[in-house]
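Start at 1 and go down the list; that is how both ligands and their atoms are numbered. The first residue of the sequence shown is numbered 1, and numbering continues consecutively from there.
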Amino acid sequence: MKRIYLDYNATTPVLPEVLEAMLPFYRENFGNPSSVHWAGRAVAGAVERAREQVARLINASPAEIVFVSCGSEGDDFAIKGTADALREQGNHIITTAVEHPAVLETCKFLEKRGFEVTYLPVDSDGMLDIAVLGKAITPKTILISAMWGNNETGALFPIEEIGAVARKHRIRFHTDAVQAVGKVPVDVQKAQVDLLVLSGHKIGAPKGVGAIYIRKGTRMTPLLHGGHQERNRRAGTHNVAGIVGLGLACEIAGRDLTAKMEKVRYLRDKLERGIFAAVPEIKLNGHPEKRLPNTLNVSFAYIEGESLLLNLDMKGIAASSGSACTSGSLEPSHVMGAMCVEVTLAHSSTRLSLGPETTEEEIDYVLEVLPPIVQRLREMSPLYNCRTPMSCEECSIVKRV
Ligand SMILES: Cc1ncc(COP(=O)(O)O)c(C=O)c1O
């Protein structure tokens with residue numbers, strides 16, 4: 001059976017050259033980078049090289065990069081580390097209703113510790129209204145946390161505008177750029193970001209490594225206490241092989257980023273056009289243009305997203321019905337809820353996310369296989385068989401683009 005991977009927003013395959021670069025650090029270069037002897041020195045150099053590679057991709061200085069274990073740890077650190085360090089200044093945090101659970105759950109935790117959190121709404125395209133952000137700011141606001149690109153819909157927030165608002169009000173700005181890095185240009189100077197999080201396994205590095213950019217001079221309370229690693233910002237012996245992999249993956253991501261993503265965008269658009277041409281009564285979730293070039297999220301009226309996923313899986317196609325963290329739950333995703341997607345459509349939302357390795361043949365195969373699956377599932381659906389004709393306005397289903 002063919003195996004077609006269209007779930008790059010969940011995770012990506014480790015790039016062969018990344019794996020090659022990592023292997024010596026499991027074998028002969030096994031030292032601890034904190035050791036002063038030869039074994040440690042050889043490895044410390046590799047960690048610092050990786051720091052430079054990560055910094056270059058996002059236009060930061062190497063000293064502003066702290067290695068962490070994953071995107072979730074980075075987001076947790078950004079938010080809790082700020083909340084603790086700036087507690088005397090205020091207890092108000094602004095975030096958005098569509099953030100990844102790594103941000104939302106951390107904010108909920110802080111609410112139980114006496115912080116106030118404003119969850120900004122989004123419109124039906126998943127976009128943030130910058131005027132709404134301005135109105136939410138109070139003298140007690142210490143942090144704005146807004147993601148760069150949404151993991152479910154790919155919607156791209158107006159990061160530079162948010163950064164400008166945060167800077168004007170002298171409020172710290174954190175962005176979860178886990179989905180954006182490697183897919184769109186990310187520049188911490190242009191965006192006026194103070195804290196930015198990225199994750200290795202979304203860009204061809206292994207799972208278990210990530211990084212947080214902390215703008216020079218930003219006061220943070222560490223999340224992990226212990227050793228003096230990472231200039232006292234993050235205790236714990238380095239995941240050297242992972243860090244080396246992350247560094248190289250960042251370097252590779254930055255090479256010909258525009259050309260690579262144009263190819264991905266072309267294939268994503270072909271997939272989108274093909275699905276909309278072949279399947280009636282479907283809805284695009286997310287902004288049609290302001291979107292990560294690899295992400296397509298579609299709701300298929302009358303069917304459950306989970307049934308579609310299982311049927312696609314039987315044909316060798318890996319897709320997702322939302323973020324991997326929320327799959328397993330039958331609740332419709334909080335992102336669809338925040339976009340006011342009608343509940344049955346929210347249940348049928350399906351995410352197809354492409355990567356640099358995706359081929360045109362794979363897209364053609366999906367276009368051949370998906371429409372008959374949808375038709376078959378609809379024929380088995382009581383909702384479909386009992387449907388009454390509805391106009392687009394009444395049911396908010398887009399028939400065709
Ligand atoms: C937007 C976003 N933020 C954070 C994370 C968490 O990253 P990690 O899996 O490295 O913990 C993810 C993972 O899906 C994500 O998509």
Side-chain angles (χ1 to χ4, degrees), residues 5-14 18 54 58 65-80 95-109 119 122 126 128 145-157 159 162 174-184 186 191 193 195-213 223-224 234 236 239 242-243 245-246 249-250 253 285-286 291-297 318-329 333-336 338 349 351-355:
Y5 187 75
L6 291 183
D7 204 10
Y8 277 79
N9 286 9
T11 198
T12 62
V14 176
V18 166
V54 175
I58 59 170
I65 302 299
V66 172
F67 291 113
V68 293
S69 68
C70 59
S72 301
E73 184 192 325
D75 286 332
D76 219 76
F77 179 23
I79 298 166
K80 285 188 197 152
T95 188
T96 82
V98 294
E99 299 294 312
H100 189 272
V103 167
L104 290 178
E105 294 301 321
T106 307
C107 286
K108 283 189 206 152
F109 169 85
Y119 299 90
V122 293
L128 189 67
S145 176
M147 71 204 311
W148 199 301
N150 187 274
N151 43 302
E152 292 190 31
T153 63
L156 286 164
F157 275 168
I159 286 297
I162 301 171
H174 158 239
T175 186
D176 171 346
V178 164
Q179 291 294 345
V181 165
K183 296 176 189 143
V184 290
V186 167
V193 168
L195 301 165
L196 177 143
V197 172
L198 58 94
S199 174
H201 74 103
K202 308 290 186 182
I203 58 167
K207 293 154 191 70
V209 66
I212 175 168
Y213 157 79
L223 202 60
L224 296 191
R234 200 260 187 191
N239 167 8
I243 289 170
L246 175 64
C250 283
N285 297 312
R291 198 167 23 137
L292 293 169
N294 76 320
T295 306
L296 174 60
N297 189 313
S320 163
S321 63
S323 70
C325 311
T326 52
S327 66
S329 146
S333 108
H334 67 284
V335 176
M336 295 301 129
S349 116
R351 180 184 74 188
L352 299 149
S353 50
L354 289 65

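The CZ atom of Arg351 sits 8.5 Å away from the OG atom of Ser321 when rounded to the nearest 0.5 Å. Note that CG of Asn9 is 6.5 Å distant from CG of Leu292, once rounded to the nearest 0.5 Å. A distance of 7.5 Å separates NE2 in His100 from CD in Gln179, rounded to the nearest 0.5 Å.
Contacts between His201 and ligand 1 below 4.0 angstrom, taking non-hydrogen atoms only, involve the side chain exclusively. For Ser199, every heavy-atom contact with ligand 1 shorter than 4.0 Å involves the side chain, none the backbone. Contact annotation: for Lys202 versus ligand 1, heavy atoms closer than 4.0 Å belong to the side chain alone. Proximity of Val197 to ligand 1, defined as any heavy-atom pair under 4.0 Å, is not found for any part of the residue.
In this structure, the salt bridge (charged side-chain N to carboxylate O under 4.0 Å, His left out) partners of Lys108, at least two apart in sequence or on a different chain, are Glu105. Residues satisfying the ring pair (Phe, Tyr, Trp, His ring centres under 6.0 Å) criterion with Tyr8, sequence neighbours excluded, are Tyr5.
Relative to atom 2 (C) of ligand 1, the option among Asp176, Val68, Val103 with the closest non-hydrogen atom is Asp176.
Taking every non-hydrogen atom of Asp75 and a distance limit under 4.0 Å, the qualifying atoms of ligand 1 come out as 3 (N), 4 (C). Set against the non-hydrogen atoms of Met147, the atoms of ligand 1 under 4.0 Å away are 1 (C). Annotation for ligand 1: atoms under 4.0 Å from non-hydrogen atoms of Gln179 are 1 (C), 15 (C), 16 (O).
In this structure, a donor-acceptor pair under 3.5 Å is present between the side chains of Asp75 and His174. Inspection of the Thr153 and Asn297 side chains reveals no N or O donor paired with an N or O acceptor under 3.5 Å.
Geometrically, ligand 1 and Gly71 share a nitrogen or oxygen pair separated by less than 3.5 Å.
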